[in-house]
Amino acid sequence: MSRPVRVRFAPSPTGPLHIGGVRTALFNYLFAKKNNGTFYLRIEDTDQNRFVPGAEEYIFEALDWLGIAPSETVGKNEKFGPYRQSERKHLYKQYADQLINSGWAYYAFDTAEALDMHRKQHEEQGKTFIYNWHNREKLDTSLVISKEETEKRIASGEAYVVRFKTPVNETLELHDIIRGDLKFETNLLDDKVLFKSDGMPTYHLANIVDDHLMETSHVIRGEEWLPSMPLHVLLYKAFGWEAPEFAHLPLILKPIGNGKLSKRDGDKLGFPVFPLEWKSDEGISSGYREKGFFPEAVINFLALLGWNDGTDQELFTLEELIEKFDLTRVHKAGAKFDPEKNKWFNHQYLQKQDDESLAKAYAPTLYEKGIDVDYTALVKIVSLIKERASFVSDFWEMSSYFFEAPTSYDEKAAKNWKEETPRLMQELISVLENITDFTSSNIETIVKDWMTQNEIGMGKVMQPFRLSLVGELKGPHLFDIAELIGKEETIRRLQKAIETL
């Protein structure tokens with residue numbers, strides 16, 4: 001590569017970070033790490049009308065939680081600082097002036113009312129109004145009024161914008177790493193506004209100037225920016241700068257139907273579209289962290305939304321993703337978001353966790369319920385139930401019977417409670433009372449010996465026994481449950497079942 005790899009994630013602090021934005025950050029991070037480059041983050045906050053308090057902090061917290069924090073950003077290794085666009089606004093006017101002086105841009109004084117009138121006139125004729133080469137010399141611009149008149153109007157405080165002067169009759173042949181060779185006709189492009197009379201640049205100017213000054217080598221961003229690519233390449237040409245390489249990522253699509261994944265889809269189908277919970281006047285939007293997802297699982301499923309390594313492998317550590325990531329293996333087509341597959345990923349990562357850390361994560365739920373439990377016992381309980389869980393929040397439903405005796409019994413299972421069952425359960429109590437070493441394997445040996453000697457069928461004892469301890473015919477190995485709740489509690493639950501059923 002001709003220059004060091006420097007890539008950026010450049011979000012606007014206008015609300016919570018969407019999962020699509022997180023994937024853009026992730027692909028930039030992976031590309032930088034793979035190529036021994038730098039991943040930096042710039043806050044694009046030039047549009048102060050849309051600024052939302054707390055959004056910037058949210059972005060940093062989300063990337064930290066996911067383990068893909070930038071190596072340069074606001075307040076961190078500010079090699080090309082500042083990293084907030086609002087703190088760089090003194091820079092942009094000189095570049096707008098440079099484009100004016102070189103003939104690549106011009107002043108436009110058209111009022112909003114005048115432009116609205118032009119739009120309406122075009123609509124009446126069944127046309128679309130585009131501000132570009134075919135009408136810019138008929139409108140209120142510095143291309144048709146003298147330099148002295150232009151300067152006089154600016155000095156008097158008249159509102160203006162600086163527009164880019166798009167070349168005429170050119171075919172731009174551009175290359176995108178993901179999409180290949182692309183052609184754009186300059187005659188179909190509009191003359192975008194680059195700078196406003198309030199001293200603020202638009203996204204297009206600020207973005208190009210900052211990417212150049214911050215030595216960005218590759219621009220990896222969402223597909224929605226593809227129509228801006230010709231303008232951005234032309235701006236590099238106008239300034240005489242080397243353009244970065246471009247890669248436009250596919251959209252993340254709705255799980256059902258067509259179109260881009262939105263917050264509404266998450267609300268409707270009950271899954272998060274934000275990495276962290278977000279509180280606003282409209283209410284609380286759930287986040288992957290608060291829903292109990294592991295950050296590694298979120299990274300893993302996001303990496304496979306629009307990319308794969310050409311194999312059937314689905315589970316990747318961050319290190320493996322860095323090693324295998326290649327922009328040429330990113331798909332052009334949109335990637336359908338699958339909430340059920342996300343849960344599957346979390347299930348896989350939950351199984352990888354050690355029982356001690358899962359017990360620590362589960363303990364607060366028990367404390368909230370006023371249950372004081374021995375830590376060693378809790379670790380053992382977690383080891384017995386985790387195989388069928390996708391989230392730590394599933395644990396209570398799967399294990400409540402270890403801590404609380406059943407208050408009701410599954411009706412379907414209670415049909416196994418026959419006329420002879422109370423007598424058999426009473427005999428079982430007598431057997432259990434005489435066991436001194438109340439461990440799972442010992443209880444199992446003694447109970448099964450008793451059944452064999454008395455020629456009692458397995459189903460006649462084991463199903464009512466489980467129903468008595470659990471309230472349903474579910475749960476791990478029955479004798480493990482008996483050991484963990486203890487001899488006294490096992491007998492107490494059997495007696496209660498005899499009385500109730």
For Trp307 and Phe27, I'd like to know if the aromatic rings sit close, meaning centre-to-centre distance below 6.0 Å. no
Determine whether a donor-acceptor pair (N or O, by modelled atom type, separation under 3.5 Å) exists between the side chain of Thr73 and the backbone of Pro70. no
Report the residues that fulfil side-chain hydrogen bond (donor to acceptor under 3.5 Å, both in side chains) with Asp64, sequence neighbours left out, ordered by chain and then residue number. none
Holding to salt bridge (Lys or Arg N to Asp or Glu O under 4.0 Å), I want the full list of residues that pass it with Glu87, two or more places apart in sequence or in another chain. Arg84
For the atom pair CZ (Phe164) and CG (Leu194), what is the distance rounded to the nearest 0.5 Å? 7.0 Å
Considering only heavy atoms from C-beta outward, does the side chain of Asp110 approach that of Tyr131 to under 4.5 Å? yes
Can you tell me how far the CG atom of Leu41 sits from the CD1 atom of Ile59, to the nearest 0.5 Å? 7.0 Å
Would Val74 and Phe60 satisfy side-chain contact (heavy atoms from CB on, under 4.5 Å), going step by step from the backbone distance to the final call? CA-CA 10 Å; Val74 178; Phe60 290 124; 4.1 Å; yes
Look at the side chain of Asp181 and the backbone N and O of His175, then say whether any donor-acceptor pair between them is shorter than 3.5 Å. no
Would you check if Val209 and Leu235 make a side-chain contact, meaning some heavy-atom pair closer than 4.5 Å? no
Output all residues satisfying side-chain hydrogen bond (donor to acceptor under 3.5 Å, both in side chains) with Tyr40, sequence neighbours left out; order by chain, then residue number. Arg42, Thr216
Do the two ring centres, one from Tyr95 and one from Phe195, sit under 6.0 Å apart? no
Of all heavy-atom pairs linking Leu269 and Pro255, the shortest is CD1-CG, 3.9 Å
Between Asp191 and Thr166, does any side-chain donor sit less than 3.5 Å from a side-chain acceptor? yes
Can you find a side-chain donor-acceptor pair between Arg329 and Asn308 that sits under 3.5 Å? yes
Classify the ring geometry of His204 against Trp225: parallel below 30°, tilted from 30° to 60°, perpendicular beyond 60°. perpendicular
Can you give me the closest heavy-atom contact between Val392 and Leu350, atom names plus distance? N-CD1, 3.7 Å
Please determine whether the number of non-hydrogen atoms from other residues, nucleotides or ligands lying under 6.0 Å from atom CG of Asp372 exceeds 12. no
Please list every donor-acceptor pair under 3.5 Å in which a side-chain atom of residues 256-263 meets a protein atom from a residue at least two apart or in another chain.
residue: Ser262; atom: OG; partner: Arg264; partner atom: N; Å: 3.3
residue: Ser262; atom: OG; partner: Asp265; partner atom: N; Å: 3.4
residue: Ser262; atom: OG; partner: Asp265; partner atom: OD2; Å: 3.1
residue: Lys263; atom: NZ; partner: Asp267; partner atom: OD2; Å: 2.8

Considering residues, nucleotides and ligands other than Gln121, do more than 12 of their heavy atoms fall under 6.0 Å from its CD? yes
Using the side-chain contact (heavy atoms from CB on, under 4.5 Å) rule, take Ile19 and Leu302 through it: C-alpha gap first, then chi angles, then the decisive distance, then the call. CA-CA 8 Å; Ile19 208 73; Leu302 274 182; 3.7 Å; yes
Looking at side-chain heavy atoms only, is the closest gap between Glu277 and Lys279 below 4.5 Å? yes
For Ala247 and Ile177, which heavy atoms make the closest approach, and how far apart are they? CB-CB, 4.1 Å
Say you draw a straight line from CD1 of Ile481 to CD1 of Ile385; how long is it, rounded to the nearest 0.5 Å? 11.0 Å
Are any side-chain N or O atoms of Glu323 and backbone N or O atoms of Phe325, one a donor and one an acceptor, separated by less than 3.5 Å? no
I need the full list of salt bridge (charged side-chain N to carboxylate O under 4.0 Å, His left out) pairs touching residues 467-482, with sequence neighbours left out, sorted by first then second residue. Glu472-Lys474
Quick one: does Val162's side chain get under 4.5 Å of Val193's, heavy atoms only? no
Taking the six-membered ring for Trp, is the centroid-to-centroid distance between Tyr236 and His212 below 6.0 Å? no
Is it the case that over 12 heavy atoms from other parts of the model lie below 6.0 angstrom from the NZ atom of Lys89? no
Is the backbone N or O of Tyr203 less than 3.5 Å from a side-chain atom of Asn207, with the two atoms forming a donor-acceptor pair by type? no
NE2 of His122 to CZ of Arg119, rounded to nearest 0.5 Å, is 10.5 Å
For Val382 against Ala359, the heavy-atom pair lying closest together: CG2-CA, 4.0 Å
Would you name the heavy atoms of Pro275 and Leu17 that are closest together and state the gap between them? CD-O, 2.9 Å
Could you tell me whether the side chains of His118 and Asp116 share a donor-acceptor contact shorter than 3.5 Å? no
Considering non-hydrogen atoms only, spot the tightest contact between Pro13 and Glu56 and give its length. CB-N, 4.0 Å
Indicate yes or no: at least one non-hydrogen side-chain atom of Thr38 is less than 4.5 angstrom from one of Lys79. no
Run the salt-bridge test on Lys324 and Asp309 with the 4.0 Å N-O cut-off and return the result as yes or no. yes
Arg88 (side chain) donor-acceptor with Pro82 (main chain) under 3.5 angstrom: yes
I'd like to know if Asp338 and Lys336 make a salt bridge, using a cut-off of under 4.0 Å between side-chain N and carboxylate O. no
Modelled atom types, side-chain donor and acceptor of Ser399 and Tyr362, under 3.5 Å: yes
Check: Glu296 and Thr317 side chains under 4.5 Å, non-hydrogen atoms: no
Could you note down all residue pairs passing ring pair (Phe, Tyr, Trp, His ring centres under 6.0 Å) where residues 260-294 supplies at least one of them, sequence neighbours left out? Tyr58-Trp278, Phe271-Phe337, Tyr288-Phe293, Tyr288-Phe301, Phe293-Phe391
Interatomic distance, NZ@Lys386 vs CD@Gln351, rounded to 0.5 Å, equals 6.0 Å
Verify side-chain contact (heavy atoms from CB on, under 4.5 Å) between Glu78 and Tyr83, making sure each step is shown before the conclusion. CA-CA 7 Å; Glu78 293 203 43; Tyr83 284 73; 3.5 Å; yes
Is Lys34 reaching over with its side chain to a backbone N or O of Ile322, donor-acceptor style, under 3.5 angstrom? no
Could you check whether any side-chain N or O of Ser12 sits under 3.5 Å from a backbone N or O of Glu44, counting only pairs where one atom can act as donor and the other as acceptor? yes
Keeping Ser217 on the side-chain end and Arg6 on the backbone end, is there a donor-acceptor pair under 3.5 Å? yes
Any carboxylate oxygen within less than 4.0 angstrom of a Lys/Arg side-chain nitrogen, looking at Glu123 and Lys120? no
Heavy atoms from other residues, nucleotides or ligands near CD of Glu397 exceed 12 (cutoff 6.0 Å): no
What's the verdict on salt bridge (charged side-chain N to carboxylate O under 4.0 Å, His left out) for Arg289 and Glu61, showing C-alpha distance, side-chain angles and the deciding distance? CA-CA 11 Å; Arg289 182 177 66 183; Glu61 191 181 341; 2.9 Å; yes
I'd like to know if the side chain of Asp190 and the backbone of Ile130 have a donor-acceptor N/O pair within less than 3.5 Å. no
Kindly indicate whether the side chain of Leu249, heavy atoms from C-beta on, has any atom under 4.5 Å from the side chain of Ile178. yes
Can you tell me if Asn28 uses its side chain to pair, donor with acceptor, with the backbone of Ile220 under 3.5 Å? yes
Are the side chains of Asn416 and Leu467 in touch, meaning some heavy atoms are under 4.5 Å apart? no
Nearest 0.5 angstrom please: Leu182 CG to His248 NE2, how far? 9.0 Å
